[in-house]
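Beneath this line is the structure, given in structure tokens, with notes to follow.
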Amino acid sequence: METRFELGRERDHLWTRALGKQLRVALEDHLANAATGDVVVVDLAGVQAFDYSFANEFFGRSVMTLSREYPGRFLVVEHMEEDTREDLEQALKSLGLIMVAREHGQLGLIGRVHPVDAQTFAAIIELGEPATAVTLKDRLSINLTTMNERLSKLTEAGVVRRERVVSPVGREQFQYWRPT
Amino acid sequence: MLPRRPISRLDAVGFDELLRRCAPFDSRYSILDLQDVEFVTPAGLVGVAALCQALRERGRWASVELGSTNQRSYLVRAGLVSVLSKIATVRPTMPVPQMLYGDRRRGASPRLVEITPLGDLDSLYELLERIRKFARSELGYDRRDATYLTQVVSEVCDNSLSHNERSCGFLALQGYGPHGRCRVELGIADCGGGLAATLGRNGRHGSVASDVAAIHLAVQQGISQFDDPTRGTGLTNLLRVAELLRGTVNIRSGSARARFTCEYPAGDYAAVPWMAGVQISLTLQGRST
């Protein structure tokens, strides 16, 4: 299920850390009410600008705590304009964070995105179904240890969800889910 | 001994000279002689305001000696005389309505955001919106540059409010030059603890050895008095935007000043007379619209 948090509902310019904190608390209500696998979309339609104090508090702190406090929920940002995209990317990079962005209907990563993170995430998206480390390592022609490391990083960042399942042959394994 | 040249320009450098000559923290009653000043920038406005506030908080009372009619007229319009009337003695004495004229005309001067005390975070939002609109309408900045300017103002003001136990800062902004290619100077000053003291509160930094070291540390990514991973980006972003817009940043704290330009991105450091708190000036060249 997908719910929408309209960041530009009341203001088109978002300044100060205090405002970021106020809106982050409201966002956390959405996350708290979401179930595992649900997507909360932060809709930036109508937002013309924000400052870095706001971005660090709202986006930075939300992304930082997502996988720990709301495991299995996805946070996706959408309807960025050129300027807000640039500033969000700058804010996330400065904090060493990544998050999922949906642009023109396509999911991708924004922030301090290492090329291997982008490659791995894209591969999960392309598969269109829950992926395993084995499937992905074959697809990307890398070894299993490296693939597991990549997937752990993306899971910890909250951009993919990991679920323990039993394979057809009865072995425990992890499946990796993308935001849908 | 050669006679000293009068202080005719009260900007960041002129403010240092004023401190050097007046030594306001060395005596109980300080005289700030502005009689020869012909040109005052926002750095000078907020510096003098913060200085008088700092003296007042230390049980000292400054007497500010103003100069020509033109100078006094500008300082009234810029709101400095009104601010000083509450924390210092202004000479020559002016009638109260004249001193407060700037308050009644607040927002009426083109190219000028009058000296404004930094209040709480709620009032900061309104101030930032005013600056953004000012940048668009009066300075002719495009939307992006207006946003950049507002962002850095927000960062620096937020720093001042967050890092000091009480509101003790001032802001002023002035545009110079033709519409669309306006040069802007922003001045923000407080009389709080200063960078060395505030950074020293974070045990991760240890005790900061000097004011020079404090400035050098403060402009690095992730350095804050708070042990909070989302903080410590304000001054870094200030310098980044200044470089992007070919601007100059002066950061003054305690007895050190650093000047950051495109030519010296690492900062050109100098020893200056001691002053409480942090004073920042930013000069930007607006890009043609």
Side-chain angles (χ1 to χ4, degrees), chain A residues 7-8 10-25 27-28 44 46-69 80-99 111-112 156-158, chain B residues 118-136 141-163 167 171 219-244:
Chain A
L7 202 56
E10 290 180 26
R11 301 182 209 237
D12 53 10
H13 293 85
L14 306 172
W15 311 124
T16 76
R17 182 176 291 274
L19 181 63
K21 183 175 181 178
Q22 179 188 326
L23 291 174
R24 180 174 57 79
V25 169
L27 174 67
E28 288 182 352
L44 262 60
V47 175
Q48 294 187 29
F50 45 77
D51 63 26
Y52 296 108
S53 293
F54 175 90
N56 288 355
E57 181 63 35
F58 180 82
F59 291 103
R61 203 177 294 281
S62 298
V63 169
M64 235 173 236
T65 58
L66 180 67
S67 64
R68 188 175 68 247
E69 297 188 7
M80 296 178 288
E81 295 185 6
E82 186 181 335
D83 293 348
T84 51
R85 190 190 199 287
E86 178 188 326
D87 290 336
L88 176 58
E89 186 154 52
Q90 177 62 35
L92 292 173
K93 275 184 177 173
S94 72
L95 298 174
L97 300 172
I98 57 175
M99 71 179 298
R112 180 164 282 185
E156 207 171 296
Chain B
L118 296 181
D120 54 28
L121 290 168
D122 290 335
S123 61
L124 178 58
Y125 188 96
E126 304 305 324
L127 176 62
L128 293 171
E129 270 297 281
R130 184 181 166 202
I131 288 173
R132 183 187 66 77
K133 290 171 184 172
F134 172 88
R136 290 281 278 154
Y141 276 21
D142 63 23
R143 195 174 92 170
R144 192 51 178 143
D145 285 356
T147 298
Y148 280 139
L149 176 61
T150 314
Q151 284 171 338
V152 296
V153 173
S154 172
E155 297 286 347
V156 180
C157 290
D158 198 49
N159 272 355
S160 180
L161 290 169
S162 300
H163 296 297
S167 300
L171 173 150
V219 298
Q220 294 180 43
Q221 181 79 27
I223 301 296
S224 169
Q225 76 159 349
F226 302 106
D227 199 9
D228 179 341
T230 70
R231 292 199 180 248
T233 63
L235 292 182
T236 312
N237 282 324
L238 170 66
L239 297 187
R240 186 179 62 83
V241 168
E243 189 173 4
L244 194 63

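Letters A, B, ... mirror the listed sequences (proteins, then strands); counts begin at 1.
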Let me confirm one number: the [atom1]-[atom2] distance from [X] to [Y], rounded to the nearest 0.5 Å.
X: B:Leu127; Y: A:Thr16; atom1: CG; atom2: OG1; answer: 11.5 Å
X: A:Lys21; Y: B:Thr230; atom1: NZ; atom2: OG1; answer: 10.5 Å
X: B:Glu155; Y: A:Asp51; atom1: CD; atom2: CG; answer: 5.5 Å
X: B:Thr233; Y: A:Asn56; atom1: OG1; atom2: CG; answer: 4.0 Å
X: A:Gln90; Y: B:Thr236; atom1: CD; atom2: OG1; answer: 9.5 Å

Mind checking whether [X] and [Y] have side chains closer than 4.5 Å, heavy atoms only?
X: A:Gln48; Y: B:Thr147; result: no
X: B:Thr150; Y: A:His13; result: no
X: A:Trp15; Y: B:Gln151; result: yes
X: B:Arg231; Y: A:Arg17; result: yes

Residue, of A:Ala49, A:Gly60, A:Ser94, that accumulates the most heavy atom pairs under 4.5 Å with chain B | A:Ser94
Got a salt bridge between B:Glu129 and A:Arg11, using NZ or NE/NH1/NH2 to carboxylate O under 4.0 Å?
->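 No salt bridge links B:Glu129 with A:Arg11.
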So which part of [X] gets closer than 4.5 Å to some heavy atom of chain B, the side chain, the backbone, both or neither?
X: A:Leu97; answer: neither
X: A:Phe54; answer: neither
X: A:Gln22; answer: neither

Residue B:Gln221 excluded, over 12 heavy atoms near CD under 6.0 Å |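 Atom CD in B:Gln221 is packed in, count exceeds 12.
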Decide if atom CD of B:Gln220 counts as having more than 12 heavy atoms of other residues, nucleotides or ligands within a radius under 6.0 Å.
->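 More than 12 within 6.0 Å, yes.
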